[in-house]
Amino acid sequence: LASSGGGRAKRAHASPGRCTKQRARPQLPEGAMAAAEAAPTAPAAKPTEAPPTKEARGNGDIEASWPVLQPPKNRGKRLFLVGDKFCCCPPYILFVPIAFVVGYTLGLVALAFLLIGVVAGLVLVGLPAACGLWSFTYFWRCAPFNWVTDLYTRVMYLGIQGMRDDLVMIGKNWSEVVNLDHFRPKGPLAKDHVDLSLQIEVPKEREEEFDPPRGCARAFARRSGLSAWMKEHLFYLPQVDHFDAFEPDENPVEYVMKKMGHLYPAIHQDWPDKYSDESLSRFCLYGLGAHRIEVEIQGGTRYYVVRTNALSGIPVRPGFARYGGDAYFDAGFRPVKIVDRGLGPARRDGQDVETVTRPTDPAWAEAKFRFRSSLSVLVTLVDHLYGVHLQVSNLMVTAAREQLSPDHPLRRFLAPFMYQTIQVNSNARNNLVKPRSLAPRCFAFTKQGFQLAFAAAPQLLRSGFEVPPEEGGPMLNFATYADYMKDKYGIDTEWFRQGKRYYSILREYLESYLAYFYPTRQAVVDDPELHATLLQFSHQLELVTPAKMLLQGGVPSNVDQKYSRIIDMVTSHMFWVSAMHEQVGAIEAYVQDVAFCAFKWVPGALVGTKQTAIAQALLMSSTSAPMPFILGTDWTHIFKGLHPVGGVAEGRHSPEECYRRVQLELQQMADYCDRYNESASTRPFPECFPLVTMHPKLLEMSCSL
């Protein structure tokens with residue numbers, strides 16, 4: 001060995017009580033080995049030295065390692081012009097000019113062919129198509145159409161008409177749309193990353209297994225990849241804000257329906273009064289804010305609160321008002337004030353200006369408009385887009401498709417609740433999340449503001465996930481969550497009561513179905529595919545940490561707790577894609593009127609702009625494709641060929657019987673909802689309003705976009 005290693009090895013041999021253990025050493029070139037043997041006392045270590053042998057020092061072994069080398073004293077530039085062997089430039093330098101000439105010539109030829117191809121494509125196809133589309137849609141702004149919007153929105157308007165046709169059910173026989181041949185094998189799905197998120201991925205549209213029939217033109221566009229290419233690149237069109245305002249006596253609802261009426265979804269809520277204080281109570285107690293009610297104590301007085309000030313610090317584009325407003329209600333749910341942090345100047349020092357407006361103040365109408373509009377943005381972005389689509393429905397369908405075999409009982413059971421979910425969420429990624437797509441154009445956020453709002457979404461959800469562990473959270477079981485809100489905060493509203501009943505019906509249905517296939521709860525917990533599915537779902541869910549969700553970290557600890565958590569995770573998915581999606585996604589009654597709820601508006605206005613009216617109506621139309629209803633749709637054909645292992649236990653109901661029983665229970669709840677709504681006018685305030693978002697006749701089994 002060369003000096004340091006050799007000396008170290010000699011000292012090791014000379015020391016009493018020490019020994020060295022032989023081990024395989026790195027093979028060195030013969031020249032280097034000869035040099036090392038010839039110069040055992042060289043003053044400096046060489047790069048070709050072998051590492052020292054392993055030594056034993058005391059009770060521990062020291063692994064051999066390469067010696068440390070100091071950098072050279074000469075720190076000059078190295079341009080690879082001088083070789084180590086020839087003391088001048090290496091021979092290959094002579095070929096550099098030749099290689100340059102050849103590469104330059106070939107590059108010019110390739111560039112010429114590329115330019116010719118690009119120019120030919122643009123001249124023959126791209127430019128005619130772009131000019132034709134632009135000129136065709138540009139004159140929509142003229143009378144009698146008066147479309148005040150940008151090119152992207154006009155193109156989306158044309159595309160959504162075909163998109164809705166793709167998602168419309170064909171006939172009433174579900175066996176024609178979803179049959180056993182459509183179930184694909186389990187396995188990894190091809191996915192696209194979602195912009196503005198850290199770890200959210202959405203399966204590609206081609207992974208959808210329940211694909212309805214299409215017309216010839218749409219089928220060609222789908223198979224050729226033209227449709228996917230358009231969806232992926234449409235957001236490159238420039239974003240332009242228009243500030244055309246409605247005249248004082250101009251009807252914004254009539255304006256929208258003349259342009260979007262053939263696409264706009266059916267409206268199940270009647271709002272003869274939209275702007276009064278009583279309507280604000282209904283809006284928060286029975287409408288868009290029903291799931292976001294909180295309680296706050298101020299000066300010994302108890303208030304109900306619905307908050308939107310979390311959006312007040314997010315920057316908006318020039319010309320638009322900032323969001324904000326927390327609405328406070330007294331014990332009788334009469335509005336008493338709105339505290340708004342979005343009216344003052346935007347600050348970044350934590351000293352936001354709070355504007356308190358009361359019902360007797362002149363600015364009360366503007367405060368209510370700002371609050372309603374801000375809540376519509378918060379619910380649409382956080383609860384609907386992020387919570388329902390990108391989190392719960394997306395992660396469950398991904399886990400089920402990747403972990404459950406086509407003949408697994410749970411895969412069959414979840415099929416109606418996952419119908420078209422992959423295609424819908426893929427469209428949401430392209431049309432609602434990407435920069436300059438439809439949702440960013442609807443809202444007033446800047447590009448950075450949209451990113452901030454998305455980053456804050458997990459902390460802004462109100463669904464039971466926010467309950468801390470010391471209080472029993474996270475609560476996947478909505479019935480338990482409803483009891484928690486009643487016992488801890490005194491929030492006992494009809495929305496929570498009906499939600500608790502609906503969740504309990506779904507949970508009982510799932511338990512009776514699984515009991516047919518699994519003889520014990522232990523068998524459910526031990527199912528490897530079921531375990532893998534729910535473990536993947538809980539691990540990818542950003543709302544809470546995986547250790548709090550399922551089978552890790554000792555929480556829960558026994559079979560019954562694990563079983564209950566598994567049941568609640570699946571039931572929670574069913575509840576979210578049906579009832580919660582109706583609550584946060586079926587907002588057509590609100591956004592139809594930009595004087596009721598506007599996604600963006602100018603400071604001081606009581607109504608959104610004309611461009612806003614068209615954009616949010618287009619978003620509503622694109623997110624309301626019809627899906628199968630949970631009541632009255634026959635899904636028993638998907639249970640064919642399923643048999644329990646070891647025979648059927650006594651007293652267990654077949655899947656078909658379980659489905660008929662849940663249909664009966666849902667019908668009973670629907671009858672109750674009808675009676676409740678019909679008697680609304682006979683009840684005292686604030687219980688004198690109907691509630692439709694939990695009505696089984698209106699709930700769909702799978703979430704439309």
Side-chain angles (χ1 to χ4, degrees), residues 268-298 301-312 323-342 356-359 364-384 460-463 466 481-482 485-486 489-499 579-580 582-591 593 595-598 676-677 680 683-694:
H268 303 297
Q269 301 185 49
D270 184 23
W271 284 82
D273 171 24
K274 300 177 182 178
Y275 315 128
S276 70
D277 289 0
E278 284 196 357
S279 72
L280 184 64
S281 298
R282 177 188 176 186
F283 184 75
C284 293
L285 189 60
Y286 282 82
L288 196 57
H291 64 293
R292 303 192 68 88
I293 299 175
E294 303 177 28
V295 170
E296 182 177 331
I297 307 296
Q298 288 186 0
T301 303
R302 187 173 184 271
Y303 297 98
Y304 294 106
V305 189
V306 178
R307 306 181 187 278
T308 69
N309 271 330
L311 302 179
S312 64
Y323 299 107
D326 293 348
Y328 287 75
F329 302 84
D330 62 17
F333 225 85
R334 298 279 184 181
V336 295
K337 63 180 177 179
I338 294 177
V339 180
D340 197 333
R341 293 204 300 265
V356 180
T357 309
R358 302 183 185 277
W364 180 241
E366 180 185 355
K368 290 190 294 184
F369 169 72
R370 285 180 49 81
F371 166 75
R372 294 192 306 264
S373 299
S374 298
L375 184 61
S376 70
V377 172
L378 177 65
V379 170
T380 300
L381 179 65
V382 174
D383 299 323
H384 183 198
L460 296 178
L461 282 170
R462 293 292 180 269
S463 54
E466 78 279 8
Y481 180 57
M485 296 295 287
K486 178 181 178 181
Y489 300 109
I491 298 175
D492 183 22
T493 66
E494 185 64 19
W495 187 84
F496 277 100
R497 291 192 292 267
Q498 290 190 18
M580 281 299 294
E582 182 71 16
Q583 167 67 20
V584 303
I587 60 173
E588 55 273 354
Y590 311 115
V591 300
D593 183 359
F596 192 18
C597 295
Y676 183 85
N677 293 338
R683 296 189 297 269
F685 182 90
E687 302 289 341
C688 56
F689 304 109
L691 178 66
V692 301
T693 54
M694 286 291 175

To the nearest 0.5 Å, what is the distance between [atom1] on [X] and [atom2] on [Y]?
X	Y	atom1	atom2	result
D326	F371	CG	CZ	8.0 Å
S279	K274	OG	NZ	10.0 Å
Y328	I338	OH	CD1	11.0 Å
T357	E366	OG1	CD	8.0 Å
Y676	F689	OH	CZ	10.0 Å
T493	I293	OG1	CD1	5.0 Å

Is there a side-chain contact between [X] and [Y] in this structure, where contact means two heavy atoms from C-beta onward sitting under 4.5 Å apart?
X	Y	answer
L461	E466	no
Q298	K337	yes
L378	Y323	no
F329	L285	no
R462	E294	yes
D383	R292	yes
N309	D340	yes
D593	W271	no

Carboxylate-amine/guanidinium contact [X] [Y], below 4.0 Å:
X	Y	value
D277	R334	no
E296	R307	yes
D273	R282	no

Please give me the minimum heavy-atom distance between [X] and [Y], naming the atom from each residue.
X	Y	answer
V336	P359	O-CD, 3.2 Å
A589	Q269	CB-CB, 4.1 Å
S374	L311	O-CD1, 3.8 Å
L288	S376	CD2-CA, 3.6 Å
Q583	W495	OE1-NE1, 3.1 Å
G324	S312	CA-CB, 4.4 Å

If you apply the rule side chain to side chain contact (heavy atoms under 4.5 Å, CB included), what do you find for Y286 with E687, and how did you get there? CA-CA 9 Å; Y286 282 82; E687 302 289 341; 2.5 Å; yes
Could you tell me whether a side-chain N or O of T693 sits under 3.5 Å from a main-chain N or O of E582, the two making a donor and an acceptor? no
Please answer whether the main-chain N or O of Y275 pairs with a side-chain N or O of K368 as donor and acceptor at a distance below 3.5 Å. yes
Taking NZ in K486 as the centre, count heavy atoms belonging to other residues, nucleotides or ligands within less than 6.0 Å. Is the count above 12? no
Reference residue F496; test side chain to side chain contact (heavy atoms under 4.5 Å, CB included); the match among M485, H291, M694: M485
Where does the angle between the aromatic ring planes of Y304 and F333 fall among parallel (under 30°), tilted (30 to 60°) and perpendicular (over 60°)? tilted
